[in-house]
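Reviewing the structure listed below.
Start at 1 and go down the list; that is how both ligands and their atoms are numbered.
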Amino acid sequence: MNRILVTEKIAAEGLNVLRQAGTVDVRLDLDKPTLLSVIGEYDALVVRSATKVTAEVIAAGERLRVIGRAGTGVDNIDVEAATRRGIIVVNAPASNNVAVAELTIGLLLGLARRIPQAHASVQSGRWARNDFIGWEVRGKTLGLVGLGRIGSEVARRARAMEMEVIAYDPVVSFDRAEQLGVALVTLDELVQRSDVISLHVPLIESTRNLFDRERIMQMKRGSYLINASRGGIVDEAALVEALNDGHLAGAALDVYAQEPPPADSPLIGHPKVITVPHIGASTAEAQLSAGTEMAEGVVTALTG
Ligand code: NAD
């Protein structure tokens with residue numbers, strides 16, 4: 001009988017699918033030493049993004065044949081170490097495209113109209129209509145770094161709001177971009193032309209610190225940055241400097257170099273920054289499809 005360890009909350013429907021392949025233990029409270037001591041008893045490990053499936057965890061998982069990730073990015077899993085041991089890594093790549101794209105559009109409009117700041121102002125008893133003169137997204141240039149699944153969904157929605165959308169993605173074809181109404185440009189051109197830049201790339205060696213001090217300073221004066229991809233892609237200290245000296249007008253972040261960010265992070269409480277707690281994939285629809293899509297892959301890997 002296969003034994004499956006689930007260390008993070010996934011949809012009940014996903015757990016039911018997993019039960020087709022064996023017994024399922026849901027243990028949401030495992031610290032690293034406990035995970036290391038129990039992982040040897042399991043054939044499959046199922047995580048979301050908080051559990052760090054390091055080479056050490058993989059080495060301790062003597063029976064491990066499959067690792068399931070209920071979601072997209074697999075940067076919390078040492079895929080190379082898993083592959084070396086012949087362990088299959090299964091994720092749910094299509095499950096949260098729309099959820100992340102819709103949050104990105106929400107952050108874009110939040111920046112344009114300073115909705116969180118306006119909300120806080122009314123809640124504090126003020127009625128400061130003149131403090132909240134925003135700008136319309138129509139006619140503005142949105143630069144998408146990464147035009148994969150999520151970037152494409154953001155592009156469609158931004159085009160519907162009559163934005164000009166440009167993108168940098170070395171893999172995407174001109175035909176595909178044209179279908180989406182997006183112009184493919186170089187990263188330099190994107191950075192210089194965009195009124196708002198939104199990041200939709202995976203965190204890999206070539207994207208780590210892609211938005212470093214130099215790149216941020218190449219951005220148009222008064223432009224905005226949205227990051228709902230991964231924290232390590234933006235140099236947070238350089239971002240705060242650019243916001244403080246007026247080079248950037250605002251930023252909206254769903255992801256951080258360290259999650260949660262430290263309480264004394266200059267991003268917390270910054271008047272030009274919108275912060276949300278890594279909720280890109282947190283919709284009922286995305287959780288359901290992430291759980292079931294991943295679970296079906298795990299069952300196939302264990303029984304197929
Ligand atoms: P995807 O693989 O479909 O698309 C990523 C695109 O980035 C690809 O087209 C790839 O060619 C491109 N790319 C890779 N390196 C690049 C580079 N250096 N410059 C420009 N483009 C580059 O992935 P996706 O499903 O669209 O997801 C994108 C990222 O969003 C994920 O890797 C994940 O980190 C993040 N994500 C965040 C949340 C959240 O909760 N905020 C949820 C899901 C995914």
Closest heavy-atom pair and its distance - D131, R114: O-NH1, 3.0 Å
Which of the ligand 1 atoms, numbered from 1, are nearer than 4.0 Å to a heavy atom of V171: 11 (O)
Nitrogen or oxygen atoms of V172 and ligand 1 under 3.5 Å apart: no
Flag side-chain contact, heavy atom, 4.5 Å: D25 against V38: no
Geometric N/O contact D75 with ligand 1, under 3.5 angstrom: no
Minimum-distance pair of heavy atoms, taken over all atoms of L253 and Y256: O-OH, 2.8 Å
R85 side-chain N/O to A81 backbone N/O, donor-acceptor pair under 3.5 Å: no
Heavy-atom pair of closest approach, residues I58 and D78: CD1-O, 3.3 Å
Geometric N/O contact H278 with ligand 1, under 3.5 angstrom: yes
R149 contact mode with ligand 1 (heavy-atom cut-off under 4.0 Å): both
From the candidates V276, L253, D169, the one that places a heavy atom nearest atom 12 (C) of ligand 1: D169
Distance from atom 19 (N) of ligand 1 to nearest protein heavy atom, with residue and atom: Y168 CE2, 3.2 Å
N/O separation below 3.5 Å, N97 to ligand 1: no
Salt-bridge present (R149, E153; N to O < 4.0 Å): no
Side-chain heavy atoms of I115 within contact of I274, under 4.5 Å: no
Heavy-atom nearest neighbour in the protein, as seen from atom 34 (O) of ligand 1, with distance rounded to 0.1 Å: R230 CG, 3.2 Å
Which residue and heavy atom of the protein sit nearest atom 4 (O) of ligand 1, plus the separation: G148 CA, 3.2 Å
Note, V154 side chain near L142 side chain (heavy atom, < 4.5 Å): yes
Ligand-side contact atoms (ligand 1) for residue partner A281, heavy atom cut-off under 4.0 Å: 40 (O)
Test item: T300 side-chain N/O and E296 main-chain N/O as donor-acceptor pair under 3.5 Å: yes
Candidate with minimal heavy-atom separation from atom 29 (C) of ligand 1, of T72, V201, L199: V201
Taking atom 42 (C) of ligand 1 as the reference point, the nearest protein heavy atom with its distance: V100 CG2, 3.3 Å
Proximal atoms of ligand 1 relative to G146 (non-hydrogen, under 4.0 Å): 7 (O), 21 (N)
Per-atom contacts of ligand 1 with G280, taking only distances under 4.0 Å to non-hydrogen atoms: 39 (C), 40 (O), 41 (N)
Close side-chain approach of L36 to V57, heavy-atom, < 4.5 Å: yes
Proximal atoms of ligand 1 relative to P170 (non-hydrogen, under 4.0 Å): 19 (N), 20 (C), 21 (N), 22 (C)
Ligand-residue contact atoms, ligand 1 with N96, heavy atoms, under 4.0 Å: 43 (C)
Closest non-hydrogen atom pair, S152 against L180: OG-CD1, 3.6 Å
Top protein contact for atom 27 (O) of ligand 1, by heavy-atom distance: I150 CD1, 3.4 Å
Contact atoms of ligand 1, heavy-atom distance to T207 under 4.0 Å: 15 (N), 17 (C), 18 (N)
Smallest separation among heavy atoms of R63 and M1, with atom names: NH2-O, 4.0 Å
Shortest protein contact, atom 28 (C) of ligand 1 (heavy atom only): H200 O, 3.5 Å
Top protein contact for atom 37 (C) of ligand 1, by heavy-atom distance: A228 O, 3.2 Å
Within-shell test, G71 vs ligand 1, heavy atom, strictly < 4.0 Å: no
Close side-chain approach of L147 and H200, heavy atoms under 4.5 Å: no
Closest contact, heavy atoms only, K220 versus L248: O-CD2, 4.3 Å
Close-contact set for ligand 1 against P202 heavy atoms, below 4.0 Å: 5 (C), 7 (O), 14 (C), 32 (O)
